[in-house]
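For reference, the structure discussed in these notes is given below.
All chains are named by letter (A, B, ...) in the order of the sequence lines, taking the proteins before the strands, and each is independently numbered beginning at 1.
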There are 4 protein chains.
Amino acid sequence: MTPLYTGIIPPMITPLTDRDTLDLDGLEKVIERMIAGGITGIFALGTTGEAPSLSYRLRRELVDRTCKIVDGRIPVLAGITDTSLVESANFAKDAAELGASAVVTSAPFYFPAGQPELREYLEQLLPELPVPLMLYNMPALTKISFQKDVVNWALDQEKIVGLKDSSGDFTYLKRMMRLAAPKRPDWSFLVGPEELLAETVLMGGHGGVNGGAILHPRLYVDLYEAAMAKNLEEVRRLSDQVLALSGDFYSVGQHGSAIIKGIKCALSLLGVCDDFMAAPFHRFHESERTLIARHLETHGIR
Amino acid sequence: MTPLYTGIIPPMITPLTDRDTLDLDGLEKVIERMIAGGITGIFALGTTGEAPSLSYRLRRELVDRTCKIVDGRIPVLAGITDTSLVESANFAKDAAELGASAVVTSAPFYFPAGQPELREYLEQLLPELPVPLMLYNMPALTKISFQKDVVNWALDQEKIVGLKDSSGDFTYLKRMMRLAAPKRPDWSFLVGPEELLAETVLMGGHGGVNGGAILHPRLYVDLYEAAMAKNLEEVRRLSDQVLALSGDFYSVGQHGSAIIKGIKCALSLLGVCDDFMAAPFHRFHESERTLIARHLETHGIR
Amino acid sequence: MTPLYTGIIPPMITPLTDRDTLDLDGLEKVIERMIAGGITGIFALGTTGEAPSLSYRLRRELVDRTCKIVDGRIPVLAGITDTSLVESANFAKDAAELGASAVVTSAPFYFPAGQPELREYLEQLLPELPVPLMLYNMPALTKISFQKDVVNWALDQEKIVGLKDSSGDFTYLKRMMRLAAPKRPDWSFLVGPEELLAETVLMGGHGGVNGGAILHPRLYVDLYEAAMAKNLEEVRRLSDQVLALSGDFYSVGQHGSAIIKGIKCALSLLGVCDDFMAAPFHRFHESERTLIARHLETHGIR
Amino acid sequence: MTPLYTGIIPPMITPLTDRDTLDLDGLEKVIERMIAGGITGIFALGTTGEAPSLSYRLRRELVDRTCKIVDGRIPVLAGITDTSLVESANFAKDAAELGASAVVTSAPFYFPAGQPELREYLEQLLPELPVPLMLYNMPALTKISFQKDVVNWALDQEKIVGLKDSSGDFTYLKRMMRLAAPKRPDWSFLVGPEELLAETVLMGGHGGVNGGAILHPRLYVDLYEAAMAKNLEEVRRLSDQVLALSGDFYSVGQHGSAIIKGIKCALSLLGVCDDFMAAPFHRFHESERTLIARHLETHGIR
């Protein structure tokens, strides 16, 4: 058995024209741009998708429209992370009905659960899900990590099919891959931070859920393929480009929101979609926009 | 002008019989017990109310039932804290319609906003609110604090009527009271951690939103009144009792959830309501229950 | 039995003219200024004294000179906090020989010890000390707190005579005072952050080790006395002044070092001593100096 | 120009028989065991060497004895990390005189310095050093990281020759390598956590300062060489062994001290040296010792 999800599966931004209005035209362009670049799946409603900041109504609309635009060409994974198990389960059902291939959840993130509590949460959630589940490790925002015992339990659940790790802790990711190796050759291990895509694939992982791939999908697909081909020279060259890209685009403005703002701003400059951001964030001002424009030029992104 | 909200306004627990079912009988008993103890308001759907873990449907039902049971005897404040401004505003409208006197919000808590972003968030939320707003500072769970500039802005907004501080940082609370003194004598400053109720009132604050007051309202009301009367001997004596109570009841079991679990378990032992907890938590096991029973006896709580 | 150390015991700054040279004239003026203001002890070589940044040679010289200047008028406590038990014990012996009445230690601060390890550390250190020991809780810089079990053990050690708490967590301090009450009426509970001096004394503590008292000793002594006299109106008025003072003087410049820099700069402007700072810090620049000068005027400090 | 320090340079433990007594026989055995395993340098008095817990007298003795035993076969680097610049400079002079080839410093670690302050600290320290300096990034224990601006400045200082990174943040390490690439091909980039040794060398770094190499030097040397040879299959196989080894040996007992305790305990079981630990730590008890013995067997370490 081989992993279901491999390659580059970008954490799609959610194009908005207003607080509760999708930029439908922009959405189509974002999706087609990524598919043209060789991506192998879309992760909608993750952190980069500003999911927690959106109304449930808009989240449903987004999954609906995304699945219609994609039209079966690649799988669509939908984020269902929530603080309420009931709302999470409800949304999973909606997403599956609207066409999502799988759902993705990180830990409930208001109360910091203990590990046994986190496991029970997943135990209660799992039977409610009509499609496979991918775990999403995001301790910086959820306050807790999926640790060894929880992952070991998850490896015994057929409906759980992989782990997306955004901890930035590569040792953690490697340890989880070691846990899974003898049990679940079909699990997908995907890395969030694009700066670790090369190492993840070189060391046996299956791909990346990388924000930069929304902007420049081909670069990430090429890096993934070079790593799969064990072409170390090419890996170093492309990895260096990825480091330069993320270093440039994600350091305009401060705060964690800089990543999402940078991507949306760049897409807006490229004429792809609106850069409206859901509260508590807002789009870049002119000075930051000028910097992003310069970075687009430097990196030859069109 | 004097503050709208003073005295003891407990952060009511949400009695449940199941994941998405209110314990209606228990709710009535909890409310009557607190009112009989002399409280001057109820804060529904705060942290102790497990609000983020509940479905919106149940949250609406809770506000509805609470307002009907209270029937105007004291004000009901409803928590609207959310990660989505749209959902927060929607719920505020529902809560006001159902009878809430005011709404309470902490910062959006998935993405850690910067201070200017937090202010803009409130600026956008405020016009949507049909009733007054109280700020709720809870940095341990929301990742950010309402700092000086945001509070200074808030002091200029007529619709914002106070600050509930659960930071545990008494210096912060005093600094915010100093900011408000020349501008808004009508603001309410309420403290979350009951261990700081005495000092808050002695130094000019207006009361507490203290979990222990759900269990033993009279003790907290007495302490509040002793502090208002500047009876320092009585303050020390009662404050010591509060310290003993919180030290005992909140240290059974580990994790932050111990506080809510302890209160629900005690209420269940007293025959007040069910101790079912929303995921990711669960009620205490027998061994912890025995400890809580012993503490009820020690403290003479019936 | 009554506590050995009560009242205002400032954490004296270390006046320097160079990296490894004491400002002897400044030292005398600092000490006389504080004694004239009514202080009841001096804590040399604490955090405000930049102790960890100084050579052992200079630390010995400082204790020597301080004891000679003080000449028995008030007790001198010497900080011996270290990462090495051997160096800590050696320095305690030196300090005692040079005239220190007691020594003060926080936790070893490179490796974060567990609580049992912290207790063993103290168990090993204690027999080496020729004078009484005061514990110094400073978790923000040492990474760990003296928790309940360690303090309980310490309460059984005759040679340990009190706790200075700089955690800023007033609930912690009150819990420790409750632990001690039935066992050690002779323990001194002193609070570090001056913003909590009023509450500490009102609730049964014995005084403060407050940086601002180096600059304006009389204000802190007055506040201490008002709190001892249970004069709540006066306490609120003076406490407000202390909040204003610390808010002004400690917020010039960023970083934790702002407190020490602010105090040294103010003393230099007053002609008391040099404001040279040991690495990694450096004195304020002209723009910050101007702000501090303005604050001196506003607060009428001469 | 090529980097001065490459390959495996273990952070040697400090064998003790008592609080202030070196285990001289053990020291010789530890060193010979490592050299026989193919290491290319020794880093004495780092974190694993418990340096901050030792007296200066013993630190000098350790450098002296180590240099005599090594007798020029490989370079000896000596840690001079301190909170006091004066003591750090003094010790650097001693270490150089006793035969150390280079010194290593992390940030002063009591006060958390800002980045400009950290740079000034290094600026003042550098002229005092008679031998080259390697930076040691250890933010978990020093509270701050050597960030971009400081490293950029360091790249212009001839006397600074590399960076040992123990942050565990591989993206950080790669970014620093990118900064250095155009300027200082002679800088050594060494990684602390052994779990990242493979990736570090694959992506252009020069080796590791890995605790496990004290115990099983050959494994780490083999992994380093496989990575240099770009033999990806062998890298994965050996990297997996390293992960297993560190996962086993460093998870006996809790707290950060588990790593040092595990290594010392294993060496003691192998008859290499005493496992006495400097306060605040202590050697493993029998039950933990049994586990370590089992791991030695599993991993075939003799």
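For a residue to count as touching a neighbouring chain, one of its non-hydrogen atoms must lie under 4.5 Å from one of that chain's; by this rule D:Leu141 touches chain C with backbone and side chain alike. For a residue to count as touching a neighbouring chain, one of its non-hydrogen atoms must lie under 4.5 Å from one of that chain's; by this rule D:Ser88 does not touch chain C. In this structure, chain C has a heavy atom under 4.5 Å from the side chain of D:Glu120, while its backbone stays farther away.
No more than 12 heavy atoms of other residues, nucleotides or ligands lie within 6.0 Å of CZ in C:Arg65, so this atom counts as exposed by the packing criterion.
Relative ring orientation between C:Phe43 and C:Tyr136 is described as perpendicular, the plane-to-plane angle rising above 60° on a 0-90° scale split at 30° and 60°.
In terms of heavy-atom pairs under 4.5 Å with chain D, the best-connected choice from C:Asp20, C:Leu58, C:Thr47 is C:Thr47. If you tally non-hydrogen atom pairs under 4.5 Å between each of C:Ala278, C:Pro52, C:Pro280, C:Ala279 and chain D, the highest count goes to C:Pro52. When each of C:Leu125, C:Asp82, C:Leu85 is scored by its heavy-atom pairs under 4.5 Å with chain D, the top score falls to C:Leu85. Between chain D and the options C:Tyr121, C:Phe111, C:Tyr110, the largest number of non-hydrogen pairs under 4.5 Å is found for C:Tyr110. With chain C as the partner, the residue from D:Met138, D:Glu87, D:Arg119 showing the most heavy-atom pairs under 4.5 Å is D:Glu87. Note: D:Ser84 leads D:Ser55, D:Ala107, D:Pro108, D:Ser84 in heavy-atom pairs under 4.5 Å with chain C.
A donor-acceptor pair shorter than 3.5 Å cannot be found between the side chains of C:Thr17 and C:Asp23. Residues D:Asp165 and D:Ser167 bring a donor and an acceptor atom of their side chains to less than 3.5 Å of each other. When only modelled atom types and interatomic distance are considered, D:Ser106 and D:Thr81 share a side-chain donor-acceptor pair under 3.5 Å.
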> Given the rule in the side chain to side chain donor-acceptor pair (under 3.5 Å) test, do D:Arg283 and D:Ser268 qualify, once you have shown the distances and angles that lead to the verdict?
Replying inline: CA-CA 10 Å; D:Arg283 68 182 99 210; D:Ser268 149; over 6 Å; no
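With C:Tyr172 as the aromatic partner, C:Lys148 does not meet the cation-pi criteria of under 6.0 angstrom to the ring centre and within 45 degrees of the ring axis.
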